[in-house]
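Worksheet for the structure shown next.
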Number of protein chains: 2
Amino acid sequence: MNIDAPCCTPLLDAVLPEGDAEVLATSFKALADPARLRLLSLIAASEGGACACDLVTPVGRSQPTVSHHLKVLREAGLVESERRGPWIWYRIVPERLDALRAVLTASAEVAVPA
Amino acid sequence: MNIDAPCCTPLLDAVLPEGDAEVLATSFKALADPARLRLLSLIAASEGGACACDLVTPVGRSQPTVSHHLKVLREAGLVESERRGPWIWYRIVPERLDALRAVLTASAEVAVPA
DNA sequence: CAGATATATCGATGCCTGTCAATATCGAAA
DNA sequence: TTTCGATATTGACAGGCATCGATATATCTG
């Protein structure tokens, strides 16, 4: 990119087509809420998964709200749930977080000049 | 965490207090939009930064909308801008992306059982 | 089946945000 | 200073989303 050029030499524009961007945005949207970040943190901190009943109080939201956020996290593939008797246990899906991390890595590294 | 217990053994709850979660959520919110992801991608793909004039057309939004998104990215610390004559050049701030990546790493690794 | 507990869904509400057209501001050049 | 091109701001609108109370569903236990 040359500043002496009359501006506006075209960029590579085969970068992140709209469709891919929307998929990715949906994933990051799942992380873009304090309650969901705290839920992830709580679940991640407890080895072997966390019972949903243990999440309502520490996250400081109503039970329906927590249930809603857990659903968002599940549909985003960030957590998985499993029924154990009357309770439902949630655990982190590390691969999903790895994938998002990879996206950020790519963006950052390409930007690092020689 | 014992499933035989009467449910609800307390988790570590000193994890991601609400204040920290809100700060982090704001950062991820900046990534949670297709237009902004494409802007980041375009900027990252062009070494030395990208002229704002090169971003409007490929991102497929109006000039005011692109300006708005660039402001969001700048205020989130994900990009920096510099005036060069009549144009403004944007570049990625890798450290910021690294920081967000670190957060995802921490959450994932803690969840990996022994 | 009846009661108790855990989780999910529904409906409503208020706030936040992405988008654009119109307009303002800023810098360069004549 | 006037004009032009680049970028930012404003105002308005529509859609999305976080939140809760009320309620439904599901599971276990008598």
Residues 64-77 of chain A vs salt bridge (Lys or Arg N to Asp or Glu O under 4.0 Å), sequence neighbours excluded, gives none
Roughly how many Å is it from [atom1] in [X] to [atom2] in [N], rounded to a whole number?
X	N	atom1	atom2	result
B:Glu75	D:dT9	CD	C1'	13 Å
B:Leu39	D:dT7	CG	C1'	14 Å
A:Leu73	D:dC17	CG	P	14 Å
B:Glu82	D:dA6	CD	P	18 Å
A:Asp54	C:dA6	CG	C1'	12 Å
B:Leu55	D:dA8	CG	P	10 Å
B:Lys29	D:dG16	NZ	P	17 Å
A:Glu22	D:dG16	CD	P	12 Å

Please list, chain by chain and in numerical order, all residues satisfying side-chain contact (heavy atoms from CB on, under 4.5 Å) with [X], sequence neighbours excluded.
X	answer
A:Glu82	A:Arg84, A:Arg91
A:Ile88	A:Ser81, A:Arg83, A:Tyr90
A:Glu22	A:Glu18, B:Pro34

Under 4.0 Å: is that the gap between some side-chain N or O of B:Lys71 and OP1 or OP2 of D:dT9? yes
Nucleotide nearest B:Trp87 when distance is taken to its side chain, options C:dA8, D:dA8, D:dA6: D:dA6
Would the distance check show the side chain of A:Arg36 and the main-chain N or O of A:His69 forming a donor-acceptor pair, the cut-off being under 3.5 Å? no
Membership question, hydrophobic clusters at under 4.5 Å side-chain separation (ILVMFWY): are B:Val72 and B:Ile92 in the same one? no
Is any side-chain heavy atom of B:Thr105 closer than 4.5 Å to a side-chain heavy atom of A:Arg101? yes
Once each nucleotide of nucleotides 19-30 of chain C is scored for protein heavy atoms under 4.0 Å, what B/S/- sequence comes out, 5' to 3'? BBBB----SS--
Do you know the tightest heavy-atom contact between A:Leu70 and A:Val79? O-CG2, 4.3 Å
Rounding to the nearest 10°, end axes of the helix from C:dC1-D:dG30 to C:dA30-D:dT1 built from five pairs each make an angle of 20°
From A:Ser27 OG over to A:Leu97 CG, what is the distance, rounded to the nearest 0.5 angstrom? 10.0 Å
